[in-house]
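Step one of this worksheet: look at the structure below.
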Amino acid sequence: MNLLSDLNSQQQQAVSADPGAVLVLAGPGSGKTRVLTYRIGHLIVDRGLDPGSILALTFTNKAAREMRNRVSSLLKEHSIPSGDRYVTLGTFHSVAARILRREAEALPVTRDFAIFDQSDQQSLVRQIMKVFKIDTKQYHPVSIHNAISSAKNEMVSADAYQAHSYFEEVVRRVYPEYERLLRVNNALDFDDLLVMLASLLRREPLVTAHYRRNYQHILVDEFQDTNMVQYQLLRLLAGESPDLFVVGDPDQSIYRWRGADHRNVERFRKDYPDAKTYLLEQNYRSTQIILDCAMGVIDRQRGRQRKQLFTERQGGDPVVLHEAYDEADEAFFVVDTITELQDKGQVSPGDCAVMYRTNAQSRVIEEAFIRSNIPYRLVGAQRFYGRREVKDLIAYLRVIYNPKDQISLERIINTPTRGIGAKSQQAFFEIAKQGKIAPGEALVQLAQDSQSPLHAVLSPRVDTLLTDFGALLADWISMREYPVHLLMNRVIANTGYQSYIDDGTEEGIGRWENIQELLSLAEEYEGLTLQEFLEHVALISDQDTLTDSQNAPTLLTLHAAKGLEFPVVFIIGLDENILPHQRSMDDPEEMAEERRLLYVGITRAMDCLFLCRAFRRRVYGSSSYCDPSRFVRDLPQQHVQGMVPGGGMPTPVSYQQQTSWNTPAPVREIEFPPGSRVRHKTFGEGMVLESRITSGDEEVTVEFADVGLKRLIASLAGLEKLND
DNA sequence: GCATCGGATTTTTTT
DNA sequence: AATCCGATGC
């Protein structure tokens, strides 16, 4: 049986492309994952390649898992025996971690390095700022850390970092210390996993040669979300004459804030001039009406390669726009509509999804579901792994695995409280530092060596306390090889953790339930070593927490929705300052990303799409009115039902006059409508993407051929209108 | 060393 | 409104 016969002709061409640099631009729902898995299948089945020579990279564990399953069933179908060597398939971060552990000798950390998650990274920064006496109110540790992270993603080392502002001067001071302390903790942060590997490959030609030989065929999912380091990593691994198959959709690039650079698509074309490009435009997911709405939103975007999405599912239900009174009313509409659709019998609860811009928006929706007694599932790793009690237990495990991890040790050394307060801790850490020994290791030494000089320098009380705790730690360390859940149980028992968190209140019981969930999770991953378990926990993504076990509506952010599909989709909060988010208002690039975000949301819908907004909304406590999102104006009117842009439709009288989906009548006429060509004295020629009347003047956003996006005031800029 | 109180702050999105 | 941080008092 021919493997290609399952595919449409565009897909076939991509899948069977000759080895080399291949770029597949895949519209939403066009069978992107299918093409990737079939490509792997094609390489093995039709071209007889060794599965072990194939490396496939994704962004989430979930995507990796899915692809692995699909590849293995594909191979089974074509009766390819699973040999000794498998396809290497994982996220950028997990594959990098695996390689780094193998190559640890060439690194400033040992192979047991810990992976610091975001909150560890932030507490490290906070600590440094405290030591340096930098006001954490004036400079948010979070923003300092973000600056460090973006520098790392652009591969600017601490030494090379240049400050151009006072803020950056602060960053410049913190950055080297941050790096130093990571090493002291024998830890890497997320960025390090990629940066260290890239610099290792650059430094060690032999190592690079080894991995190039090993992974001769590389495939990348969601290529538009790669950042600078990831791109460099690909180039390093791929080598001179690469077989590099990348799949992506620049229209779905929504991780700019995390360093993703959709221009990597352009870079790829430039770096591999012989690259073949394939377009996948047939959509197998949505109705034509939904696609038309999606295209209406995205076609306003700057100089992109336009894809003409089409589907065999002509027509479809109109898209419903709903204007609620406030967020509670909006939530009510969602829950009510879901109930109604269910009662009609065509929709099962699990078919529905509610998407929003910010996590904060989920609460109101959750409350509405709870009040109506409808179960729901909420996507978000933070929800579980961010819980204090979960983090505590993970911190115990991390110290057991890597006693050098001081950040985790600080978290648990007095949790539950065992009389080792801040002062004692400080003294102890100082002593350990003088003795040039990691505090975690010092604890073990205290317990195991009664002659240790450390005993003498500690006050008798603190000495006893620390020695006792060290004995516990030493005991746990001896159990490192035990199944993780047994070790965890031991820690809980030894520390009296249950009585510490479960105080009998509802909250306490909830916390204990979280611990039990963590325990059963550990049991589920029975085969994993402690190292693997910790790595899994560190590199987990929000999407990974999504299980299809229960048939209930799904609540998730638009970001988390990428790559998923649902028969019925609600997108809530289509208001100015929410979507687009307030933070994106003064940067055209960010505004463009908001637009793509909505595009991603719309294209998740298979059959029905509901777009909601609220007339007034609560922001940080106080309530205020809000305007409809500008993106609503770009929906094709003939496909939209409800409060139609440009047509006054049934709006409750009480607030009809004050709001509408319409653009308010401009004081001044728009002179440069979106789409028109203009010339600017210094910027040259460009196309107007957006035009708004603000305080009597016209504010236009123009994509210039030479200089990119600019935002201008028409009367000041002296724009000249060109005829096409 | 711990609890409590008051105050400020709230950067969407996450590997 | 809620949460998180830090300072204060016991």
Side-chain angles (χ1 to χ4, degrees), chain A residues 57-64 90-97 115-119 121-123 126 130 135-138 140-147 149 152-153 188-194 222 225-227 229-230 253-260 327 355-364 379-383 385-386 388 414-426 461-462 465 535-545 556-562 573 577-585 587 590 593-594 596-598 600-601 618-623:
Chain A
L57 296 167
T58 63
F59 275 85
T60 66
N61 296 299
K62 184 165 177 280
T91 64
F92 273 94
H93 289 86
S94 65
V95 169
I115 298 171
F116 271 13
D117 67 22
Q118 188 174 337
S119 78
Q121 296 168 31
Q122 280 165 16
S123 41
R126 173 165 277 126
K130 222 175 259 170
D135 186 3
T136 54
K137 295 238 164 77
Q138 201 174 352
H140 242 279
V142 177
S143 49
I144 300 284
H145 173 253
N146 280 343
S149 173
K152 289 173 99 165
N153 275 320
L188 302 184
D189 66 11
F190 289 145
D191 305 318
D192 282 333
L193 293 174
L194 306 171
E222 306 281 12
D225 285 334
T226 50
N227 62 25
V229 199
Q230 283 159 337
S253 158
I254 53 174
Y255 285 107
R256 199 179 91 94
W257 50 274
R258 209 171 70 195
E327 63 267 295
M355 303 175 186
Y356 35 81
R357 180 65 181 85
T358 67
N359 277 309
Q361 290 171 266
S362 76
R363 258 194 58 181
V364 191
V379 180
Q382 202 45 24
R383 179 177 153 82
Y385 289 94
R388 198 164 320 166
N414 201 31
T415 312
T417 46
R418 49 178 75 89
I420 309 170
K423 271 273 162 55
S424 316
Q425 282 177 43
Q426 216 179 353
R461 194 188 71 90
V462 177
L465 290 168
E535 191 161 303
H536 170 84
V537 169
L539 296 178
I540 202 144
S541 75
D542 268 7
Q543 262 201 9
D544 297 329
T545 64
L556 73 181
T557 61
L558 286 162
H559 282 90
K562 197 171 68 159
N577 295 323
I578 305 230
L579 181 63
H581 192 270
Q582 195 171 2
R583 297 281 327 171
S584 61
M585 287 300 168
D587 181 349
E590 278 186 36
E593 185 144 312
E594 298 291 306
R596 293 194 291 267
L597 202 45
L598 177 59
V600 167
R618 202 168 264 286
V619 187
Y620 300 139
S622 61
S623 179

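In the text below, chain A, chain B and the rest are named by the order of the sequence lines, each starting its count at 1.
- Ring geometry for A/Tyr255 versus A/His559: interplanar angle of 30 to 60°, hence tilted.
- Within 4.0 Å of A/Arg418, counting heavy atoms only, lies no atom of the nucleic acid at all.
- B/dT13 has its base stacked against the ring of A/Trp257, the centroids being under 5.5 angstrom apart at an interplanar angle below 30°.
- Considering only side-chain N and O atoms, A/Asn227 lies nowhere under 4.0 angstrom from the phosphate OP1 or OP2 of B/dT15.
- Applying the salt bridge (charged side-chain N to carboxylate O under 4.0 Å, His left out) criterion to A/Arg126, with sequence neighbours excluded, gives no partner residue.
- Side-chain N/O atoms of A/Ser424 include one lying less than 4.0 angstrom from OP1 or OP2 on B/dG1.
- The CZ atom of A/Arg256 sits 13 Å away from the C1' atom of B/dT13 (whole-angstrom rounding).
- Between A/Arg596 and B/dT13, a side-chain N or O to OP1/OP2 separation shorter than 4.0 Å is absent.
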Apply side-chain contact (heavy atoms from CB on, under 4.5 Å) to residues A/Leu558 and A/Ile254 and explain how you reach the verdict.
CA-CA 9 Å; A/Leu558 286 162; A/Ile254 53 174; over 6 Å; no
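- Contacts of A/Glu594 with the nucleic acid, taken as non-hydrogen atoms under 4.0 Å apart, include base atoms.
- Of the residues near DNA chain B, A/Leu597 and A/Lys423, the one whose nearest nucleotide (by heavy atom distance) lies more toward the 5' end is A/Lys423.
- When distances run from any side-chain atom of A/Phe190 to the nucleotides B/dT15, B/dT13, B/dC2, the shortest one goes to B/dT15.
- Taking atom CD of residue A/Gln361 and atom C1' of nucleotide B/dT13, one finds them 11 Å apart after rounding to whole Å.
- Regarding A/Gln230, its CD atom lies at a distance of 16 Å from the P atom of B/dT14, rounded to whole Å.
- Both A/Glu593 and A/Gly419 lie close to DNA chain B; mapped to their nearest nucleotides by heavy-atom distance, the more 5′-ward contact belongs to A/Gly419.
- As a whole-Å value, the separation of A/Asp189 CG from B/dT14 P is 18 Å.
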Are A/Trp257 and A/Asn146 close enough, and set up right, to give a side-chain contact (heavy atoms from CB on, under 4.5 Å), and what steps lead you there?
CA-CA 10 Å; A/Trp257 50 274; A/Asn146 280 343; over 6 Å; no
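- The side chain of A/Asn414 places an N or O atom within less than 4.0 Å of a non-bridging phosphate oxygen (OP1 or OP2) of B/dC2.
- Rounded to an integer number of Å, the gap from CD1 of A/Ile420 to C1' of B/dC2 is 15 Å.
- The separation between A/Gln122 atom CD and B/dT14 atom C1' is 12 Å, rounded to whole Å.
- For A/Glu222, the salt bridge (charged side-chain N to carboxylate O under 4.0 Å, His left out) criterion is met by A/Lys32, A/Lys562, not counting sequence neighbours.
- A/Asn359 places its CG atom 17 Å from the P atom of C/dA2, with the value rounded to the nearest Å.
- Take A/Arg256 and apply the side-chain hydrogen bond (donor to acceptor under 3.5 Å, both in side chains) test, not counting sequence neighbours, and it matches A/Asp587.
- With sequence neighbours left out, the salt bridge (charged side-chain N to carboxylate O under 4.0 Å, His left out) criterion links A/Asp117 to A/Lys391.
- Listed pair A/Arg126 / C/dC5 meets the phosphate criterion, a side-chain N or O lying under 4.0 Å from OP1 or OP2.
- With sequence neighbours excluded, the residues satisfying salt bridge (charged side-chain N to carboxylate O under 4.0 Å, His left out) with A/Asp189 are A/Lys152.
- An OP1 or OP2 oxygen of B/dT14 is reached within less than 4.0 angstrom by a side-chain nitrogen or oxygen of A/Thr557.
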Pairwise N/O distances under 3.5 Å, protein to nucleotides 6-11 of chain B:
residue, atom, partner, partner atom, Å
B/dT10, OP1, A/His140, NE2, 2.7
B/dT11, OP1, A/Tyr620, OH, 2.0
B/dT11, O2, A/Arg583, NE, 3.3
B/dT11, O2, A/Arg583, NH2, 3.4
B/dT11, O4, A/Asn146, ND2, 3.2

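- In this structure, CD of A/Glu222 is placed 13 Å from C1' of B/dT15, rounded to the nearest angstrom.
- Closest approach to the A/Arg618 side chain among C/dA1, C/dG6, B/dT15 is made by C/dA1 (side chain taken as heavy atoms from C-beta onward).
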